[in-house]
Number of protein chains: 2
Amino acid sequence: MTVRTVRVLLADDQSMVREALATLLGLEDDIEVVAQVARGDEVLAAAREHTPDVALLDIEMPGLTGIEAAARLRAELPEVKIVIVTTFGRPGYLRRAMESGAEAFLVKDAPASQLAEAVRQVLRGERVIDPGLAAAALADGADPLTGREREVLRAAADGSVNAEIARRLLLSEGTVRNYLSTAIQKTGARNRAEAVRIAREKGWL
Amino acid sequence: MTVRTVRVLLADDQSMVREALATLLGLEDDIEVVAQVARGDEVLAAAREHTPDVALLDIEMPGLTGIEAAARLRAELPEVKIVIVTTFGRPGYLRRAMESGAEAFLVKDAPASQLAEAVRQVLRGERVIDPGLAAAALADGADPLTGREREVLRAAADGSVNAEIARRLLLSEGTVRNYLSTAIQKTGARNRAEAVRIAREKGWL
DNA sequence: GGTCGCGTATGACATCTGTCATCTGCAAGA
DNA sequence: TCTTGCAGATGACAGATGTCATACGCGACC
């Protein structure tokens, strides 16, 4: 019986990393990299055209994040298995990746051999997730921030003052202070800088 | 005349990326990856043992940064050519890399072929730096922060309050406020969060 | 010896941040 | 219909931040 190669789409905005990973995967007898993209918003079109079995998606990409691209793939080409391959093994990323329909979640500090192996595993219907990350993601609990709280907190992340945030989001300054105060309390922080850091760590921002 | 292969040491804390880059380089006829390390503080010992011609160093690694490792390589094994290969093409990183003795500076969003090419170029005594980055680094000017200002600003980066910073650095709170105020003014920021962001962007932090 | 810059400190003061109480409108759910 | 939560707002107040003036010790440099 002939061996059928797995068709893989690879998305990562760093050309050097993407091409190196493509080269590595291409050395496997049973894997063929049929498409490479550098932007999240190119994933879906490339998947339609090249009909991959598996999509390997970085998270932080221009256009759309890998998680957003995963959601669109799941909606339109549900037969494509999705593996998130990311730099930061953040619990929040893991949760959002699973919510978006990914079958696997790899961090780039894993051995390279795990990449090819993960492709084979998701094709067999298996899930590939680091147990420690899974535990952390479950321990963090659900995102307690409302949409506007998150937006105001994000706006505060670069050091903008309340008046500026108010102007930018078309709110009064008092309202901004209220939202920030609530976000600070929900994250258990003492000030907005800590709140931003904690929310990012937990994947809420 | 026989072709002599270039011996390369590769340092990157992400195994998947490092091994993929090693595989890519290994496909070149004239390049051999003789050592791989995941920590900055393993670079020097590995270089002593494996006698590479060229060291490819990521910047953000545990133990020592690639820039710190570059400085030590330059001091002890000055015949090793140093290429910094980093995720973030920050002008500040470029400046510090050159100050540490690196011959080349690549950002990972460059095509993979540039990596092997850069290895060959530094061996010929050439410099490999993106001109746009070089211009930005020169435009930023020298770091205006004193040692203590930088230390206090760094301590403030995670949202620590003045009292906490004072305790941690064994200073009075008033002194901390003075240092922060001066750092804010030197960076042209309006508050500590902006000062941190600007200093990071310019490579002063 | 004098000057300069850095490190460190105190005190006063203006501004900003963060908290809290209170209020209204709206939509969803019981 | 009533309750709940979210969005948005105002006002008062306490505490934190940031600015500024002033001062001293120390080491480097002229």
Side-chain angles (χ1 to χ4, degrees), chain A residues 92 95-96 99 140-205, chain B residues 92 95-96 99 140-205:
Chain A
R95 184 186 313 107
R96 278 157 52 205
E99 283 164 358
D140 277 344
D143 179 0
L145 301 175
T146 69
R148 262 313 214 187
E149 284 166 0
R150 183 177 306 104
E151 220 174 328
V152 170
L153 191 59
R154 185 178 288 122
D158 67 355
S160 294
V161 295
N162 291 341
E164 207 173 60
I165 297 168
R167 224 179 298 128
R168 195 186 300 158
L169 299 183
L170 304 181
L171 297 170
S172 80
E173 197 188 312
T175 302
V176 167
R177 296 213 241 107
N178 284 336
Y179 281 133
L180 281 175
S181 183
T182 314
I184 289 169
Q185 285 163 29
K186 285 180 173 177
T187 53
R190 290 168 306 173
N191 54 45
R192 64 186 68 184
E194 275 198 348
V196 166
R197 179 169 57 80
I198 293 168
R200 277 185 174 147
E201 282 169 5
K202 291 178 180 288
W204 300 338
L205 200 63
Chain B
R95 186 186 312 107
R96 280 158 51 207
E99 284 165 359
D140 279 343
D143 179 359
L145 301 175
T146 71
R148 264 315 214 185
E149 285 166 358
R150 181 179 307 107
E151 221 175 327
V152 170
L153 192 60
R154 184 179 289 128
D158 65 357
S160 293
V161 296
N162 291 341
E164 207 173 60
I165 297 169
R167 223 177 299 125
R168 195 184 303 156
L169 299 182
L170 305 180
L171 297 169
S172 80
E173 196 187 314
T175 303
V176 167
R177 296 213 243 103
N178 284 336
Y179 280 133
L180 282 175
S181 182
T182 314
I184 290 167
Q185 285 164 27
K186 285 180 174 179
T187 52
R190 291 169 305 174
N191 53 45
R192 66 187 66 186
E194 276 200 348
V196 165
R197 179 170 57 80
I198 292 169
R200 277 186 176 148
E201 284 169 3
K202 289 178 182 289
W204 299 340
L205 201 63

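Values in this document were obtained by computation on a predicted structure and should not be read as measured data. In what follows, every chain begins at residue 1, and chains take the letters A, B, ... in the order their sequences are listed.
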Quiz prompt | Donor-acceptor pair, side chain of B:Ser181 and main chain of B:Arg177, under 3.5 angstrom | solution = no
Practice problem: Could you check A:Val176 against A:Leu169 for side-chain contact (heavy atoms from CB on, under 4.5 Å), going step by step and ending with a plain yes or no? | Solution: CA-CA 9 Å; A:Val176 167; A:Leu169 299 183; 5.8 Å; no
Quiz item: Distance check: side-chain N/O of A:Ser172 vs OP1/OP2 of D:dG8, anything under 4.0 Å?
Solution: no
Quiz item: Among all residues two or more places apart in sequence or in another chain, which pass the salt bridge (charged side-chain N to carboxylate O under 4.0 Å, His left out) test with B:Arg148?
Solution: B:Glu151
Quiz item: Have A:Asn162 and A:Arg167 got a donor and an acceptor in their side chains that come within less than 3.5 Å?
Solution: no
Quiz item: Is there a donor-acceptor pair closer than 3.5 Å between any side-chain N or O of A:Arg96 and the backbone N or O of A:Gly203?
Solution: yes
Quiz item: Does the distance from a Lys or Arg side-chain N to an Asp or Glu carboxylate O, for B:Arg95 and B:Asp143, drop under 4.0 Å?
Solution: no
Quiz item: Looking only at atom types and distance, does a side-chain atom of A:Ser160 sit under 3.5 Å from a main-chain N or O of A:Ala156, one as donor and one as acceptor?
Solution: no
Quiz item: Which letter, B, S or -, goes with each nucleotide of nucleotides 15-30 of chain C from 5' to 3', with contact meaning a protein heavy atom under 4.0 Å?
Solution: --BBBBB---------
Self-check item: Angle between terminal axes - the helix from C:dG1-D:dC30 to C:dA30-D:dT1, 5 pairs each end, rounded to 10°
Solution: 30°
Quiz item: Judged by atom type as modelled, is there a donor-acceptor pair below 3.5 Å linking the side chain of B:Thr182 to the main-chain atoms of B:Asn178?
Solution: yes
Quiz item: Are the side chain of A:Thr187 and the backbone of A:Ala183 linked by a donor-acceptor contact shorter than 3.5 Å?
Solution: yes
Quiz prompt | Summary of side chain to side chain donor-acceptor pair (under 3.5 Å) pairs that have at least one residue in residues 195-205 of chain A, sequence neighbours excluded | solution = A:Asp140-A:Lys202
Practice problem: Could you check which residues of residues 196-205 of chain A get a heavy atom under 4.0 Å from DNA chain C? Sort them by number, please. | Solution: none
Exercise. Output yes when a side-chain donor or acceptor of B:Lys186 lies under 3.5 Å from a complementary backbone atom of B:Pro144, and no otherwise.
Key: yes
Quiz item: Under a 4.0 Å N-O cut-off, is there an ion pair linking A:Glu149 with A:Arg154?
Solution: no
Please list, pair by pair, any protein nitrogen or oxygen found under 3.5 Å from a nitrogen or oxygen in nucleotides 5-7 of chain D.
residue : atom : partner  : partner atom : Å
D:dA7   : OP1  : A:Arg148 : N            : 3.4
D:dA7   : OP2  : A:Thr146 : OG1          : 2.5

